Amino acid sequence: MTLDQLPPRRRAEIVAIDWARLAPDEAKRLQALGIDTGARVAVAHRGVFGGRDPIALLIGRMTLALRRSHAAAMTVKEL
Amino acid sequence: MSRLRTAALVGNPNSGKSALFNVLTGARQKIANYPGVTVERKAGRFNLPSGEPVELVDLPGSYALDAASPDEEVTRKVVLGEFAGEAKPEVLIVVLDASNLEQHLVFAQELIELGRPVVVALNMVDLAERDGLVLDPEALSQSLGVPVVPTVAVRRRGIEALLAAIESAEATAERDPKAHRQWHLTLPERRMAAQTMARGAILSESSQHRLHASLDKVLLHPWLGPPILFALLFVMFQAVFAWAAPLQDALDGGVTALIAFATQALPAGFLRDLLTQGVLAGVGSVIVFLPQIVILFAFILAMEQSGYMARAAFLMDRLMARVGLSGRSFIPLLSSFACAIPGIMATRAISDPKDRLTTILIAPLMTCSARLPVYAVIIAAFIPHRTVGAGIGLQGLVLFALYLAGIVGAFCVALVLRRTVTKGSASGFIMELPKYQWPPMRDILLGLWQRAWIFLRRAGTIIFTVTVVLWLLLSFPRAAPGESQVDASFAGHIANGLQYVVEPIGFNREIALALIPAMAAREVAVSSLATTYAVSAGDDDEAAQGLIPRLQAKWTLPTALAFLAWFVFAPQCLSTIAVTRRETNGWKWPMFMLAYLFALAYIFAGITYWLAVAVGL
């Protein structure tokens, strides 16, 4: 399952990231913000207008907003 | 040692760095740009307990030394002492958000690895405690190998201890420059270490009710979030236009009184006319927008510092994505409703360069407050004062339509630009949503003062120069007796030529003439129309009253509508052009902006005119 399919408020672990699908700068930024394999995340909120985009992600003690297209590059496993 | 000591504040975004900077330096701040880049340089001074002054710079928030944006590039270069003309800071004050150590310790380790004197400010410990997290600074200091001082910048807590730590860090550095521990880790290793250290520093942790989580449940709620945002924006616009009015009237009255005083006090002649008609009338017409700008910024600063602005960007991201932008563009565009200048400056927060350029280029399409006097006069003169349906006035409806036309126009232009001149992969949206906190009044007041000062300085330089030049163009060569000054002037001759260009879209010579001084500031169009129609123009309002019957007599309705359409797109604002030049580092984009806005204004004024004539208005 990819992160964009993860139902809200379920805890999950990122098991793989397809970095090639992300722009290099964005990949770097996401990595700096703690997105990496092994990171534990949960979807807190989703956007309103069409496509439930963007996604507000809980990671550590942080809330991080990213687009669904980013989340689609991350494979997660529910905990 | 007589050399001035230096220190730098470094840390992740949202670590409360700026609040700490404000507390340390008070109002003794200098804000400028780093040369060659549009990154703000904030510097100030503070005194060590020994009384020795230290020059402190507040470096842009970064996640790593490996730079991903122009802001981070500046941070990296300054920290490493590679920035030309910028002293390498002797002490690094690393600011950490106490409730987000796992994240913030990653960059902190990278900075400590440099082996330079470091003091860690464990900031916002109060917010961590509010979330049920009690930390042990001593344990953290042990694992990092540098002094750690708990602080609450917004409440001035821990500042004394921080100053003492900075002083002794400097002393240690002098004795033994290699005293600090050095690791050389990779990012995943640092992240692991950060987690271990963060866990080791926790004294107690209770999963208390977290305030920000419950606020987010409401403010980011799919059905509640957007109405709350729009209600807030509605209040903001009400405030900008209604609350500012008495202050603006007072300022306007002050300028008028000053003109009257100068007219009486000085002997008639060139100097008096230059001062009253040129400088005071021109600069005064711009100064009156200060209250609106201050009120708008009070809202924007409060939204930013409370953490709500990031939520607004989150809510708006999807809509902005439709035209190839991201939620980050929302804030600058919102500011542009008061004035495009602060809006364009606010685009610095957009990391993607093409996103940023697109936002700069469409910012002038947001109806700024300077257009309001123009709209007000023309609507009052040509749109009948009657209601259309339940309590909706036709005049208000037209005004709303003009605002809407600007927004729709901006989105269409963005859509086209993103497919042509600023073509590139669709920009993403990655943004930390910071914790909510009550915005500290002192920081807001300081921010307001800085914004007001930037605005006033601009009015004193660019707008001053432009006004004087226009006045000279209108005043020379002097008219022969019996001839009108306007006809004889350089501006009059220019208008004669311009008339042929604007005739097809229904504009007359007087409008052509008004468009020239309106280059300085759009609202000047009103007073220059008034002057041209030989009304003894005092202030804009008084002139407007005399102006309305004259406009009704001289203009047709299609001409008036075309004039309104022109001002939806009208690019004539030299300050906007100047600030665009500065923010894009060259003349290419301001010239492009000027060209496309004039083209759109011309086309849409034309379409409006021809349609209005065709349907027999």
Side-chain angles (χ1 to χ4, degrees), chain A residues 2-4 7-11 13-74, chain B residues 12 14 62-64 66-69 72 97-104 106-107 128 131 133 187-188 191-192 194-195 198 210 212-213 216-217 219-223 225-226 307 310-311 313-319 321-322 326-327 351-352 424-435:
Chain A
T2 50
L3 179 56
D4 58 319
R9 282 172 289 280
R10 300 265 188 82
R11 284 163 30 83
E13 186 183 320
I14 299 180
V15 289
I17 300 176
D18 184 0
W19 292 110
R21 280 182 65 174
L22 302 167
D25 273 0
E26 294 185 343
K28 210 186 222 180
R29 165 107 323 142
L30 286 169
Q31 217 165 7
L33 285 160
I35 297 282
D36 218 331
T37 48
R40 304 209 162 170
V41 295
V43 173
H45 303 277
R46 304 197 66 154
V48 196
F49 308 102
R52 312 280 287 140
D53 201 15
I55 296 171
L57 200 66
L58 292 176
I59 171 164
R61 292 178 167 271
M62 224 178 2
T63 312
L64 180 66
L66 43 73
R67 288 254 176 97
R68 217 171 57 172
S69 57
H70 302 132
M74 302 164 195
Chain B
N12 282 36
N14 304 312
S62 301
Y63 294 103
D66 178 18
S69 72
E72 292 190 343
D97 172 3
S99 45
N100 195 7
L101 283 180
E102 302 90 326
Q103 168 66 20
H104 286 210
V106 177
F107 186 35
D131 289 345
L133 186 68
L187 179 62
R191 193 172 300 290
M192 290 286 287
Q195 279 165 6
R210 285 196 199 161
H212 62 102
D216 268 347
K217 267 190 195 126
L219 296 176
L220 294 183
H221 189 276
W223 301 114
R311 273 76 183 180
F314 181 87
L315 290 172
M316 296 304 290
D317 179 62
R318 188 64 210 166
L319 283 183
R322 296 236 167 109
S326 82
S351 44
D352 184 90
S425 57
S427 54
F429 175 65
I430 298 168
M431 195 178 198
E432 191 184 333
L433 302 181
K435 290 191 173 51

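The sequence lines fix the lettering, A, B, ..., with proteins before strands; numbering per chain opens at 1. Given the structure is predicted, the values throughout are model-derived calculations rather than measurements.
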Self-check item: Step-by-step salt bridge (charged side-chain N to carboxylate O under 4.0 Å, His left out) determination, A/Arg67 to B/Asp317
Solution: CA-CA 9 Å; A/Arg67 288 254 176 97; B/Asp317 179 62; 2.7 Å; yes
Practice problem: Select one option (side chain, backbone, both, neither) describing which atoms of B/Asp216 are under 4.5 Å from chain A's heavy atoms. | Solution: both
Self-check item: B/Asp66 versus chain A, the contacting section by heavy-atom distance below 4.5 Å
Solution: both
Quiz item: Can you say whether A/Ala23 sits under 4.5 Å from chain B via the side chain, the backbone, both, or neither, judging by heavy atoms?
Solution: neither
Quiz prompt | Student check: side-chain heavy atoms of B/Leu133 and A/Arg61 closer than 4.5 Å | solution = yes
Practice problem: Side chain from CB out, backbone as N, CA, C, O: work out which of these in A/Leu22 comes under 4.5 Å of a heavy atom of chain B, or both, or neither. | Solution: neither
Practice problem: Check whether B/Ala321 gets within reach of chain A through its side chain, its backbone, both or neither, counting any heavy atom under 4.5 Å. | Solution: both
Quiz item: To the nearest 0.5 Å, what is the distance between NE2 (A/His45) and NE2 (B/His221)?
Solution: 10.0 Å
Self-check item: Heavy-atom contact with chain A under 4.5 Å, split by part of B/Glu72
Solution: side chain
Quiz item: Does the pair B/Lys435 and A/Thr63 meet the rule for a side-chain contact (heavy atoms from CB on, under 4.5 Å), with working shown?
Solution: CA-CA 8 Å; B/Lys435 290 191 173 51; A/Thr63 312; over 6 Å; no
Exercise. Find out whether A/Arg52 and B/Arg318 are in side-chain contact, i.e. whether some heavy atom of one side chain is under 4.5 Å from a heavy atom of the other.
Key: no
Exercise. Tell me, for B/Leu187 versus chain A, whether the close heavy atoms (under 4.5 Å) come from the side chain, the backbone, both or neither.
Key: side chain
Exercise. Give, as side chain, backbone, both or neither, the part of A/His70 having an atom under 4.5 angstrom from any heavy atom of chain B.
Key: side chain
Quiz item: What distance do A/Lys28 atom NZ and B/Ile430 atom CD1 have between them, rounded to the nearest 0.5 Å?
Solution: 12.5 Å
Quiz item: Looking at CG of A/Leu66 and CZ of B/Phe314, how far apart are the two atoms once the value is rounded to the nearest 0.5 Å?
Solution: 9.0 Å
Quiz item: With distance as the sole test, does B/Gln103 use its side chain to make a donor-acceptor pair with the main-chain N or O of A/Ala32 at under 3.5 Å?
Solution: yes
Quiz item: So which of A/Leu33, A/Leu64, A/Asp36 has the biggest tally of heavy-atom pairs under 4.5 Å with chain B?
Solution: A/Leu33
Quiz item: Is it true that a side-chain atom of A/Glu26 and a backbone atom of B/Gly428 form a donor plus acceptor pair closer than 3.5 Å?
Solution: yes
Quiz item: Does a side-chain N-to-carboxylate-O contact under 4.0 Å join A/Arg29 and B/Glu432?
Solution: no
